[in-house]
Visitor: 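Sharing a structure with you now.
What you see below is based on every heavy atom in this structure, not just the backbone, and it leaves out hydrogens, waters and symmetry mates. Letters A, B, ... are given to chains in the order of the sequence lines, protein chains preceding strands, and every chain is numbered from 1. Here the structure is a predicted model, which means the values were calculated and not measured.
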Amino acid sequence: MRYWLMKTEPDVFSFDDLLRAPKKTTSWEGVRNYQARNFMRDDFKVGDLVFIYHSNAGDETGIAGIAEVVKGAYGDQAAMNPKSPYFDEKSAKAGASRWVVVDVRAVRKFKTPVTLSQIKSTPGLERMAVVQKGQRLSVQPVTPQEWGIIEKAAD
DNA sequence: GCCAACGTTGGC
DNA sequence: GCCAACGTTGGC
């Protein structure tokens, strides 16, 4: 199994929203970047674990908790819906979504988030994509070592 | 709210 | 296939 990190703006969809969702599960809509899509489409497997990262969240910016992949990639129907904020005209015109979702279920929320500044100052996490300047990738791989360090920091 | 960094689009 | 223009991301 593999480890991942996915970003979300908590104003739009937070870890608490995930906890409140039916079966604590949601389809991860709205990824509109090819590299991020390809990770989900080609590499996400049921049972993989995911850090849920809150971006644009002030002092709370950072990793809020852990989710689990419960369903592998399938077409993102939001891309086909003109009323959705994630509507994609090209997908609609082609009659098939070029974007995918995976389903994730909340595993546990951290007591306090592992903040971005914490990640930046923790040895062993320097190479994480999330701390690289200008790195905007919303779905990124995490190494088992990085995963372990962050879980430890959360406890 | 600013703006640097980056990805995508589309004219040529 | 290049690349300028544009839109978005996301920290600050």
Visitor: In B/S/- notation, 5' to 3', how is nucleotides 5-12 of chain C contacted by protein heavy atoms closer than 4.0 Å?
Guide: --BBBBBS
Visitor: Mind grabbing the angle between the end helix axes of the helix from B/dG1-C/dC12 to B/dC12-C/dG1? Five pairs an end, 10° rounding.
Guide: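 For the helix from B/dG1-C/dC12 to B/dC12-C/dG1, the axes at opposite ends meet at about 10°.
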Visitor: Using the side-chain contact (heavy atoms from CB on, under 4.5 Å) criterion, which residues pair with A/A78? Sequence neighbours excluded.
Guide: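 Expected list: A/E29, A/R32, A/D76, A/S84, A/Y86.
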Visitor: Please test A/R2 against A/D42 for salt bridge (Lys or Arg N to Asp or Glu O under 4.0 Å), starting from the C-alpha separation and ending with a verdict.
Guide: CA-CA 12 Å; A/R2 296 185 62 173; A/D42 303 335; over 6 Å; no
Visitor: Would you say A/W99 and A/D88 are linked by a side-chain donor-acceptor pair, where the criterion is simply a distance under 3.5 Å?
Guide: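 Note: A/D88 and A/W99 side chains meet the donor-acceptor criterion.
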Visitor: Going by the side chain to side chain donor-acceptor pair (under 3.5 Å) test, which pairs reach into residues 10-19 of chain A, not counting sequence neighbours?
Guide: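 As it turns out, the side chain to side chain donor-acceptor pair (under 3.5 Å) pairs with a partner in residues 10-19 of chain A, which skip direct neighbours, are A/S14-A/D17, A/D16-A/K109, A/D17-A/R20.
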Visitor: Using side-chain contact (heavy atoms from CB on, under 4.5 Å) as the criterion, list what pairs up with A/N56, not counting sequence neighbours.
Guide: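 For A/N56 the side-chain contact (heavy atoms from CB on, under 4.5 Å) partners, ignoring immediate neighbours, are A/E9.
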Visitor: A/F87 ring centre to A/K83 NZ or CZ under 6.0 Å, with the angle to the axis within 45°?
Guide: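 That pair does not qualify as a cation-pi contact.
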Visitor: Which part of the nucleic acid, if any, lies within contact of A/R37, taking any heavy atom under 4.0 Å across all strands shown: a base, the sugar-phosphate backbone alone, or nothing?
Guide: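 The residue A/R37 makes no contact with any strand.
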Visitor: Does the separation of the ring centres of A/W4 and A/F39 fall below 6.0 angstrom?
Guide: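 Yes, ring centres under 6.0 Å apart.
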Visitor: Mind checking what makes side chain to side chain donor-acceptor pair (under 3.5 Å) contact with A/R105, not counting sequence neighbours?
Guide: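 A/R105: side chain to side chain donor-acceptor pair (under 3.5 Å) contacts with A/E68.
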